[in-house]
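Report on one structure; see the data block that follows.
The figures here come from the full heavy-atom set of this structure, side chains too, leaving out hydrogens, waters and symmetry mates.
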Amino acid sequence: DSLSIALKSVESKQADLGGTSLFPPLSDVLSSQIKEGFARQIFLLTDGEVWDKDQCLSKAKHDSHQTRIFTCGIGEAGKELLYDIAKFTNGTCEMIKADSTINSAVIGQLSKALKPALTNIKVDWEGSKTPISSTPNYQPPIFSGGRLISYSKIPKDVDISQLNIKVSGKWGTQSFVTKIP
């Protein structure tokens, strides 16, 4: 079983307390191609103090519209960064005491990651000759139990009774469209 092998491998690792340069591998993973219709989900585990915190957080925020990052810290090092990365990417953070096992934390995060997500979400306003923009420009994936919050500024000359909201995207490989009168 792959999960058992991975968990045993992680549990057998020992910290060298030399610090962690997390940005290069995080940047490499975030630069990889995403499979159409699916959200990228990353499991980030560290037992060290991260050197390049600002770069890591900035990169995670930049890619949050298409990536969810689950973080797991062993001990107390890097706690604030790990919580922030998880928060900004709709992931979760687990902090594991150095003398504890990580099995339950990783399995809990994995169960959340295995639930399907709505991706490639677009919000369009129909029925107006004047363009109406929504924010955020890129809608993040919506995971099980999640919600979509979008704001739009409708010009004064637009009759809102003539508008429809069209929300479209992907559910895995299936396209979906919903219209709200």
Side-chain angles (χ1 to χ4, degrees), residues 3 6-7 9-35 37-123 133-152 167 169-170:
L3 179 59
L7 289 172
S9 174
V10 169
E11 286 179 347
S12 70
K13 304 292 181 201
Q14 294 293 318
D16 67 5
L17 303 177
T20 303
S21 180
L22 192 57
F23 183 72
L26 182 62
S27 183
D28 283 348
V29 171
L30 290 173
S31 298
S32 66
Q33 186 70 23
I34 299 174
K35 186 174 179 180
F38 294 89
R40 178 183 348 198
Q41 301 194 79
I42 297 172
F43 290 84
L44 189 156
L45 286 82
T46 185
D47 66 351
E49 189 62 46
V50 177
W51 295 336
D52 37 20
K53 293 177 186 177
D54 292 338
Q55 287 177 293
C56 291
L57 190 55
S58 177
K59 184 67 173 161
K61 283 181 182 179
H62 179 266
D63 286 76
S64 65
H65 67 282
Q66 60 188 5
T67 302
R68 177 163 65 165
I69 303 176
F70 295 91
T71 60
C72 188
I74 301 169
E76 290 295 315
K79 183 176 182 177
E80 183 179 344
L81 174 67
L82 296 177
Y83 275 110
D84 286 345
I85 288 175
K87 178 177 75 175
F88 287 119
T89 63
N90 292 314
T92 58
C93 178
E94 295 282 344
M95 297 303 293
I96 313 297
K97 292 183 176 151
D99 59 348
S100 299
T101 177
I102 66 170
N103 291 12
S104 62
V106 171
I107 289 172
Q109 290 184 328
L110 186 58
S111 70
K112 291 174 187 166
L114 291 174
K115 294 181 180 171
L118 301 175
T119 61
N120 301 69
I121 300 167
K122 292 184 177 57
V123 177
S133 61
S134 297
T135 189
N137 293 331
Y138 298 103
Q139 300 294 340
I142 302 175
F143 299 96
S144 180
R147 62 183 176 262
L148 169 67
I149 298 175
S150 182
Y151 298 93
S152 299
V167 180
K170 295 259 186 184

Throw together a table of side-chain donor-acceptor distances under 3.5 angstrom for residues 105-117, partners on residues two or more places apart or in other chains.
residue, atom, partner, partner atom, Å
Q109, NE2, T71, O, 2.9
Q109, NE2, T92, O, 3.0
Q109, NE2, T92, OG1, 3.4
S111, OG, G108, O, 2.8

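Annotation: side chain to side chain donor-acceptor pair (under 3.5 Å) contacts of S58 (sequence neighbours excluded): none. Considering only residues two or more places apart in sequence or on other chains, H65 meets the ring pair (Phe, Tyr, Trp, His ring centres under 6.0 Å) condition with Y138. Take K79 and apply the salt bridge (Lys or Arg N to Asp or Glu O under 4.0 Å) test, not counting sequence neighbours, and it matches E76. In this structure Q66 satisfies the side chain to side chain donor-acceptor pair (under 3.5 Å) test together with D63, sequence neighbours excluded. Remark: K87 pairs with no residue by the side chain to side chain donor-acceptor pair (under 3.5 Å) rule, at least two apart or across chains. Among residues two or more places apart in sequence or in another chain, the side-chain contact (heavy atoms from CB on, under 4.5 Å) test is passed with I142 by L118, I121, L148. With sequence neighbours left out, T135 forms a side-chain contact (heavy atoms from CB on, under 4.5 Å) with Y151. Take D84 and apply the side chain to side chain donor-acceptor pair (under 3.5 Å) test, not counting sequence neighbours, and it matches no residue.
The two residues P25 and S21 make their nearest non-hydrogen contact at CD-O, 3.7 Å. Among all heavy-atom pairs drawn from I149 and Q139, the shortest one is O-OE1, 4.1 Å. For the pair V123 and S134, the tightest heavy-atom approach, listed with the atom from each and the gap, is CG1-OG, 4.0 Å.
With a 4.5 Å cut-off on side-chain heavy atoms, R40 and L30 count as touching. Within the 4.5 Å cutoff, the side chain of P141 has no heavy atoms near those of the N90 side chain. By the 4.5 Å heavy-atom criterion applied to side chains, V29 and T67 are not counted as neighbours.
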Problem - Residues T119, I34; criterion side-chain contact (heavy atoms from CB on, under 4.5 Å); working and verdict - result: CA-CA 11 Å; T119 61; I34 299 174; over 6 Å; no
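The backbone N or O of L22 sits less than 3.5 Å from a side-chain atom of D52, completing a donor-acceptor pair. Between the side chain of S27 and the backbone N or O of F23 there is no donor-acceptor pair closer than 3.5 Å.
Here the CD1 atom belonging to I74 is positioned 9.0 Å from the CE atom belonging to M95, to the nearest 0.5 angstrom. Atom-to-atom distance recorded for C56:SG and I85:CD1 is 5.5 Å, nearest 0.5 angstrom.
The 12-atom threshold is exceeded at CG of D28, counting heavy atoms of other residues, nucleotides or ligands nearer than 6.0 Å.
Listed by first and then second residue, the ring pair (Phe, Tyr, Trp, His ring centres under 6.0 Å) pairs that reach into residues 69-88 are F43-F70, sequence neighbours excluded.
Checked by atom type, the side-chain pair S64/T89 shows no donor-acceptor distance below 3.5 Å.
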